[in-house]
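Notes follow once the structure below has been shown.
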Amino acid sequence: MLVLQTIRENPEEIIRRLAIKNFDARELIFTIIALDDKRKETQKMLDDNLAQSNSLAREIGNLFKAGKTEEGNLLKEKTSELKELAKELSVTFEATKKELEEVLVKVPNLPHPSIPPGTTPEDNEIVQQEGDFPVLADDAVPHWDLAAKYNLIDFALGNKISGAGFPVYKGKVARLQRALINFFLDQAIQAGYEEIQPPYLVNAASGYGTGQLPDKDGQMYYAPVDDLYLIPTAEVPVTNLYRDVILKESDFPVKNVAYSSCFRREAGSYGKDVRGLNRLHQFDKVEVVQLAHPDKSYEVLEEMRLYVSGLLRMLELPFRVVKLCGGDMSFTSAMTYDMEVWSAAQKRWLEVSSISNFESFQSNRMKLRFKDDTGKTQLAHTLNGSALALPRIVAALLENNQTAAGIKMPAALVKYTGFEMID
RNA sequence: GGAGAGAUGGCCGAGUUGGUCUAAGGCGCACGCCUGGAAAGUGUGUAAUCGCCAAAAGCGGUUCAUGGGUUCGAAUCCCAUUCUCUCCGCCA
């Protein structure tokens, strides 16, 4: 949620910057300003009214104490009119505030000034590319075929017990996943992140805090009996750890890492992009979250990009880093780098991580603040990134490392997997 | 799931015969004094948020789990909800 003050200060600039995200905000912005004007006006009247009531009540109290019952009773009569008006005003006030809030949450985050315009992934800016594409034998196959050949992943069995998008991992690939999780967590801890094990079910307030609600509620699994949502990413519970928290400036940077399963309904997805491990309803991910001082958040974003690059390098996967254009960015993000790994057998880039700076968009919703040097409270910046999501990493590892003798594990993983080869 | 107790500021904790209560006291924290330096001691300060104001100062509103109610007036009384604790039941 954008800070109301900044909207009021330069509405035209807000509109211009949101146009980079292909979002026409003009109507929303002016509705917001009008509602806020109304809110202020109503509050002024209400406050004055309440101030009068309060002073009358005090007077009456003093009269009764002094034994001047009659005068007190006389004064009581004056209050009823005030009370009635106050009731009316507060109804208007609350309704206006609610209406304002509802419109305000519809406005996306502002893209950073450096974000290129654009509408599709083709308009994204490639900022880094590393590693050689592996040269595979002519009979190289995509991971779903390898999974069948070595009896690693059973998609049909997953269908039976849950449905499409819930694969069953077996044997060495199950162990590979466990190895990856530990590898990623250990790396993050070494890089100064504190490990968190968060709940997988969260309440609506948490979903709202990180921006999944109200606009993307169809993407989360929901348990109505208990009014809880399954997390689509550990970002939700971990960032919400700091909801309604006022940090000290010296607390920065706050660095958390969490492994969790992630649950996504992926309503509306189909086709070749969802084949095999490319898109799942349940998958595992290690997520890093940082809270940063507003002056430092873009340095932190770069630090996170370098950190994830390092992971991919250790896994010996060719990758590139893409800075998303306005049209490809999420609702909540101010700047996003996508990390993509080259899948040799599918001959395409697979997104394995998305690293974003949300600036104060999430923290404004969550009331995540810190006290600065001068003792003033201001909003912190939040950032997060996958480090990393497993399924597509597994897909790329299987595909890129296939040989006639079997699938070779990258050296960095062997001490975690306990084997060098899937055969 | 059943029975009972409870929810006050960063933390502990007083206040529940309704009246100047944002709320005693303590701890913590910040700044000073003391000290060669520290500890101890000592002094001062120490909630958030909204509105009025160009801003500071100042003034006003709101907040004692949440929502409603009674009343001129509610931390204090009533109702509902949520959560926590204790006991019982169930249980990895």
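Here is the naming used below: chain letters follow the sequence lines, and residue numbers restart at 1 for every chain.
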Which is true for [X] with a 4.0 Å heavy-atom rule: it touches a base, it touches only sugar-phosphate, or it touches nothing?
| X | answer |
| --- | --- |
| A:Leu50 | sugar-phosphate |
| A:Ser80 | nothing |
| A:Lys376 | nothing |
| A:Asn62 | base |
| A:Lys248 | nothing |

Atom [atom1], compared across [N] and [M]: separation rounded to whole Å:
| N | M | atom1 | value |
| --- | --- | --- | --- |
| B:rG6 | B:rA14 | P | 12 Å |
| B:rA23 | B:rG37 | C1' | 40 Å |
| B:rC34 | B:rG41 | C1' | 8 Å |
| B:rC87 | B:rU81 | P | 25 Å |
| B:rG19 | B:rG1 | P | 39 Å |
| B:rC21 | B:rA75 | P | 12 Å |
| B:rG60 | B:rU22 | P | 12 Å |

Watson-Crick and G-U pairing of RNA chain B written in dot-bracket, each distance under 3.5 angstrom, with | for inter-strand partners | ((((((((.[[[..)...(.....]]]((((((.......))))))((((((.....)))))).[[[[[..)....]]]]])))))))....
So side-chain hydrogen bond (donor to acceptor under 3.5 Å, both in side chains) across residues 14-35 of chain A, not counting sequence neighbours, yields A:Glu12-A:Arg26
Flag the pair [X] and [Y] as a salt bridge only when some basic side-chain nitrogen lies within less than 4.0 angstrom of an acidic carboxylate oxygen.
| X | Y | result |
| --- | --- | --- |
| A:Asp48 | A:Lys44 | yes |
| A:Asp244 | A:Arg369 | no |
| A:Arg305 | A:Glu302 | yes |
| A:Arg8 | A:Asp37 | yes |

If you walk 5' to 3' along RNA chain B, what is the first nucleotide with an atom under 4.0 Å of a heavy atom in chain A, and what is the last?
-> B:rG19 to B:rG73
Can A:Ser114 and A:Lys323 be said to form a side chain to side chain donor-acceptor pair (under 3.5 Å), step by step?
-> CA-CA 10 Å; A:Ser114 74; A:Lys323 182 168 164 180; 2.8 Å; yes
